[in-house]
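One structure below.
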Amino acid sequence: MSAREGVAAGMDHSGREPTILQSVPFSSAVDAGFWHHFTQLKLDVLQLSEQAVPVMGSYTNTDTPGLPPRLYVEYDALERRKTASRWSCHATGTLINTNTIEEFRNRSKQDLLKGSATTLWEAITSGQALQDPSVLASFLMFTFADLKKYHFYYWFAFPAFTYPKAMHKKPPQSFTDALTQKEIESLLASYTSQEVDFNQGFFSITKSDEEFTVHPLRDYPKLRTAADSKSNQEVYLGISDPSTLPSNPGWTLRNLLTLVAIRWSKQWQSYKVVCLRVRTRNGVQDASHSLVVEVDLSEEPESLIPSEMPPCLGWEKNERGKMGPRMVNLSANMDPTRLAESAVDLNLKLMRWRVAPQLNLGVVQQTHCLLLGAGTLGCAVARCLMGWGVRHITLVDSAKVSYSNPVRQNLFTFSDCQSGGRHKAVAAAEALLQIFPKMNSKGVVLSIPMPGHTVGESLLNQVKEDVSTLEQLIDEHDAIFLLMDSRESRWLPTVIGAAKQKSTHDRTLDQQCTVTRPGVSYLAAGHVTELLAAILQHPDKGLAEASVKEQGNVKEGVLGPVPHSLRGFLGRHQLLTPASTSFDQCSGCCREVLKAYMEEGFEFLLKVFNSTAYLEEVSGLSRLHHCVDDSQVWELSDEEDME
């Protein structure tokens, strides 16, 4: 497409070569804010859909000389409605976005342009364009958005028909040659009047003596018919001309002439078109640089309405003047942290679009997770939680990083081991921030008191403070992960979690101690993270029931059932999901233990720390042991009697 495209060429009645009416194509101008709005639309609404999206463009006839006609797509182009604007003309657009760069490259551009032109042709032939003339300035926006890099590829098409083969016998006239100063002022006053109800881009004009009045485009036949019987009246077609060239109107004239040929050429063959341009100089509006174009359709065939849609052109050239798309890179204008956040969110939304459309990612992101233990499991679980979109993680540990840790615990490096080693909880929390700066991560150095570990007088205050800190942490977080390497260290957070309603339904205290094989830690971390996600997506959350034999089928969530526990056998690559009801004598969550903790508080805990026998007595385990012993005695006595 050249800078100026001819509407038509031909010979006039005298056999002379007529002047070709040339119009100037649009250049696209997309506001950077538009791409931010489009990103949200893509992530939250379109997702993987490639359905066409309406978009509103605009252009103006007030540019200074030397500027090309520009079609603006503003930041709010996806939400904007057609509201009256004094100096802005509406352009009706359609946006089609692809999901891959390959599809963007390979999609048939001819078919895309034809599809857009078909919609325009139907609007012209049906009369819709008379009711909403903005469709005559329609455009297509074909895009691909690389949201991980903030690269946006786009190609505009401004469909225009090579019909009719209209011509004019003399070059366009400027207003100063065609009109008097009084007439120019009258036309400008009517055009700029806030009282007038017409589409700013396309309209009709009547002239009576030296007075001009602007009317809606649809009134043209009525106005022309009335003027034919009056010697002092003339009727013009009008466009708000985006071109600034002295002899060439803008691209919008093309489709207006197509509409004229289809709708009215059987009644009238000659037309005068006002290409109105408005310039402000020293605070005074001026339209003297506008054009008047006389169009003659008398050389057209008898049937001016073609049997099928005529050829169409309109793809925009790129910055190099070649037929091809443009690309805008907004990554340099974006905060790197914001870019990382957008890329992470995009990965999660891709998972939702492709795996579980009903997935609630917000509830995962807002979950505050407390990781008790920042060792092999703690580090791996933290990384998996980040991958799921969790943004709030607190790690608790009292140990320091040793030289054996970094190879197995993936949040630590060799430098963390030196000079006696950094505290694991603090180092791990800082590592999460290095990986993703939008994390809300915190490390707490804390020793968790355990049953049977006697608390001396010198440690009493410290242990009491540690218990209080642990209680507060559990109270502040939604999900508690017990990632310590001993059963005893998991007892206190189990009791506190159950008392604060942070425990899950029908689950007993884990009896396993630690992880030995390196690969198992990653398997365990992945499984426990997926369990949390399944719980959060279940309608009953932590009260989700697991399937046991007598219950049969139970309610499932978005990610399927929520098992009580997972047991794996790596040697056989086997995974089981055993389920059982809660144990009445569980030392961590049975009714008697929770009652004692809630009534006596730290005094109860202190007794447990100093004596495991006391915990067995409260939970009922000691009585259970006596029952088992008695049963064994009675069984032995029966056998002796039988002998």
Counting distance only, does the side-chain N/O of [X] pair as donor-acceptor with the main-chain N or O of [Y] below 3.5 Å?
X    : Y    : result
D111 : S108 : no
S441 : A429 : yes
N610 : V455 : yes
H151 : S331 : no
H477 : L473 : yes
N99  : L48  : yes
W155 : E316 : yes
N360 : V363 : yes
D146 : Y150 : no
H423 : A425 : no

With heavy-atom distances below 4.5 Å as the criterion, would you say the side chains of [X] and [Y] are in contact?
X    : Y    : value
S402 : C417 : no
D485 : T376 : no
M141 : I96  : no
E599 : F604 : no
H527 : L575 : yes
I393 : N440 : no
F602 : S468 : no
P539 : K555 : yes

Is the count of non-hydrogen atoms from other residues, nucleotides or ligands lying under 6.0 Å from [X] atom [atom1] greater than 12?
X    : atom1 : answer
K438 : NZ    : no
K541 : NZ    : yes
K109 : NZ    : yes

[X] vs [Y] aromatic rings, parallel, tilted or perpendicular, using cut-offs 30° and 60°?
X    : Y    : result
F609 : W491 : perpendicular
W35  : F38  : perpendicular
H37  : Y75  : perpendicular

| What about F152 and F144, are their ring centers closer than 6.0 Å? |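 Ring-ring flag for F152/F144: false, centres at least 6.0 Å apart.
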| query | How about F104 and F142: are their ring centres within less than 6.0 Å of each other? | reply | yes
| task | Sorted by first residue and then second, give each ring pair (Phe, Tyr, Trp, His ring centres under 6.0 Å) pair with at least one member in residues 369-400; sequence neighbours left out. | result |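 Residue pairs passing ring pair (Phe, Tyr, Trp, His ring centres under 6.0 Å), neighbours aside: H368-H392.
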First locate atom [atom1] of [X], then atom [atom2] of [Y], and finally report the distance between them rounded to the nearest 0.5 Å.
X    : Y    : atom1 : atom2 : result
L95  : Y154 : CG    : OH    : 12.5 Å
L482 : T494 : CG    : OG1   : 4.5 Å
R383 : L385 : CZ    : CG    : 11.5 Å
T143 : K42  : OG1   : NZ    : 8.5 Å
E617 : E592 : CD    : CD    : 11.0 Å
N405 : T413 : CG    : OG1   : 11.5 Å

Considering all heavy atoms of both residues, which atom of [X] and which atom of [Y] are nearest to each other, and what is their separation?
X    : Y    : value
L395 : G378 : CD2-O, 4.3 Å
A525 : L377 : N-CD2, 4.5 Å
A374 : K424 : O-CD, 3.7 Å
G421 : K400 : O-CD, 3.4 Å
H538 : G557 : CD2-N, 3.4 Å
P449 : V463 : CG-CG1, 3.7 Å

| Carboxylate-amine/guanidinium contact E600 K607, below 4.0 Å |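 Yes, E600 and K607 are salt-bridged.
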| said: If the threshold is 4.0 Å, N to carboxylate O, is there a salt bridge linking E603 and K464? | reply: no
Quick one: do the [X] and [Y] side chains pair a donor with an acceptor below 3.5 Å?
X    : Y    : answer
D466 : T469 : no
Q585 : S619 : no
E430 : Q434 : no
T367 : D478 : no

| request: Apply side chain to side chain contact (heavy atoms under 4.5 Å, CB included) to L359 and Q537, showing your working. | output: CA-CA 7 Å; L359 198 65; Q537 301 300 319; 3.6 Å; yes
| request: Step by step, work out the side chain to side chain contact (heavy atoms under 4.5 Å, CB included) result for L371 and V381. | output: CA-CA 8 Å; L371 276 57; V381 169; 4.1 Å; yes
| said: The test is side chain to side chain contact (heavy atoms under 4.5 Å, CB included); show your working for I496 and Y597 and say whether it passes. | reply: CA-CA 8 Å; I496 299 174; Y597 165 70; 3.7 Å; yes
| message | Would L372 and L470 count as a side chain to side chain contact (heavy atoms under 4.5 Å, CB included) here? Give the steps. | response | CA-CA 10 Å; L372 301 179; L470 183 60; 4.0 Å; yes
